[in-house]
Q: 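Take a look at the following structure, please.
Numbering starts at 1 and runs along the sequence shown. What you see is a predicted model, and the numbers here were worked out from it, not measured in a lab.
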Amino acid sequence: MGGGERVRLTEFQARGDAVTPEGNPPGSDPNFAAEQLLDMYEISAAILNDLSALGSTGLKHQPTGFSAAYCRALNEHRRDTWLAADSRWYSSISLSYELPDLAVKEIEHCKSGMGEYGDRFRQVLFALDNLRPPGHPSYWPIYEACEHHDLPVAFHILTGNRASPAANPSLECRASILGGSASRLYGIDLIPDYGYKP
């Protein structure tokens, strides 16, 4: 079989060569990641998605305060560690989106309360397998905030939270739900995130 050797995945679901020179886990050093990805492939910008946040959306019965505080901490960590390290890093906003009022506050915090980094938060990140179909009215305040800040809504495919009452979490099914609701009601872009990890 031709084609040469390919990079193998590790226990972190990342490239085997993405472990830092110090032996730390892949994705733990913004400068090393920039060298491996942005510099090597001449990439001018990249958006960071924190998939661990999708486990703290208000869905899995965490205390309300915990879900919101966890997402706030993730967003501020990305600002302090990644966005401060290199101007080519941008970020998704992690949200407790099953708690829409708190999610809207987090969007406002990231866009208006992060100083010079507010413009580097470029989208919000949802899972597809959330509590309700993405076009459900409970999410509309979030979509309104996204429209106000000109933020697209990205959906990470198959996060493993659960199948919603609408259907199994597949892109084709959810795209029709999204196209029929959120994108018609609000002037926002809807982006599938296939979850490639370097």
Side-chain angles (χ1 to χ4, degrees), residues 1-57 59-60 62 67 69-97 106 110-111 114-130 151-163 168-172 174-175 189-198:
M1 185 180 224
E5 183 61 23
R6 65 180 174 82
V7 177
R8 304 292 178 191
L9 296 179
T10 67
E11 65 178 300
F12 299 109
Q13 296 181 339
R15 292 174 15 182
D17 63 345
V19 173
T20 69
E22 296 79 24
N24 293 322
S28 60
D29 182 337
N31 296 316
F32 183 62
E35 178 185 316
Q36 275 199 319
L37 300 173
L38 306 180
D39 297 342
M40 183 180 296
Y41 299 105
E42 298 179 8
I43 296 172
S44 59
I47 295 180
L48 301 161
N49 293 327
D50 197 326
L51 301 184
S52 67
L54 297 177
S56 187
T57 62
L59 171 67
K60 294 189 175 182
Q62 297 107 342
S67 295
Y70 183 67
C71 289
R72 170 73 52 96
L74 290 172
N75 291 324
E76 291 184 348
H77 171 75
R78 274 194 307 283
R79 176 199 61 196
D80 297 342
T81 304
W82 289 82
L83 303 186
D86 193 308
S87 63
R88 295 172 293 176
W89 293 124
Y90 291 83
S91 182
S92 291
I93 299 175
S94 299
L95 297 175
S96 53
Y97 56 77
E106 190 59 24
C110 288
K111 293 303 289 179
M114 293 278 205
E116 65 185 286
Y117 297 106
D119 288 338
R120 305 257 305 278
F121 286 91
R122 301 309 282 264
Q123 65 184 23
V124 299
L125 184 62
F126 271 66
L128 281 180
D129 48 352
N130 44 29
L151 289 170
V153 178
F155 288 84
H156 181 68
I157 308 302
L158 294 176
T159 56
N161 285 332
R162 58 173 274 168
N168 288 330
S170 69
L171 176 60
E172 294 76 22
R174 294 311 180 93
D189 295 320
L190 303 168
I191 302 169
D193 169 19
Y194 294 98
Y196 170 76
K197 291 185 181 181

Q: Which atoms form the tightest heavy-atom contact between Thr20 and Pro25, and what is the distance?
A: CG2-O, 3.9 Å
Q: When rounded to the nearest 0.5 angstrom, what is the spacing between CD1 in Ile47 and CH2 in Trp89?
A: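 Output value for this atom pair is 11.5 Å.
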Q: So, using ring pair (Phe, Tyr, Trp, His ring centres under 6.0 Å) as the criterion, who are the partners of Tyr117 when residues are at least two apart?
A: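 Counting only residues at least two positions away or on another chain, Tyr117 forms no ring pair (Phe, Tyr, Trp, His ring centres under 6.0 Å).
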Q: Give a yes or no answer on whether the side chain of Tyr97 reaches the backbone of Ala127 with a donor-acceptor pair at less than 3.5 Å.
A: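 Yes: the side chain of Tyr97 pairs with the backbone of Ala127.
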Q: Minimum heavy-atom separation for Ala18 and Phe32, please, with both atom names.
A: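 Taking Ala18 first and Phe32 second, the nearest heavy atoms are O-CE2, 3.7 Å.
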Q: For residues 77-86, which residue pairs pass the side-chain hydrogen bond (donor to acceptor under 3.5 Å, both in side chains) check, not counting sequence neighbours?
A: Asp50-Arg78, Asn75-Arg78, His77-Thr81, Arg78-Ser91, Arg78-Ser94, Asp86-Arg88
Q: What I'd like to find out is whether the side chain of Ile93 reaches to under 4.5 Å of the side chain of Arg122, using heavy atoms alone.
A: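 No; the side chains remain at least 4.5 Å from each other.
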Q: I need the Leu74 CG to Leu48 CG distance, nearest 0.5 Å.
A: 12.0 Å
Q: Any chance you could measure Leu83, atom CG, to Phe121, atom CZ, to the nearest 0.5 Å?
A: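 Between atom CG of Leu83 and atom CZ of Phe121 there are 5.0 Å.
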Q: Can you pull out every side-chain hydrogen bond (donor to acceptor under 3.5 Å, both in side chains) where at least one residue sits in residues 23-38? Sequence neighbours excluded, please.
A: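 Residue pairs passing side-chain hydrogen bond (donor to acceptor under 3.5 Å, both in side chains), neighbours aside: none found.
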Q: Tell me, please, which residues at least two apart from Arg72 pass side chain to side chain donor-acceptor pair (under 3.5 Å).
A: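 So Arg72 forms a side chain to side chain donor-acceptor pair (under 3.5 Å) with Glu106.
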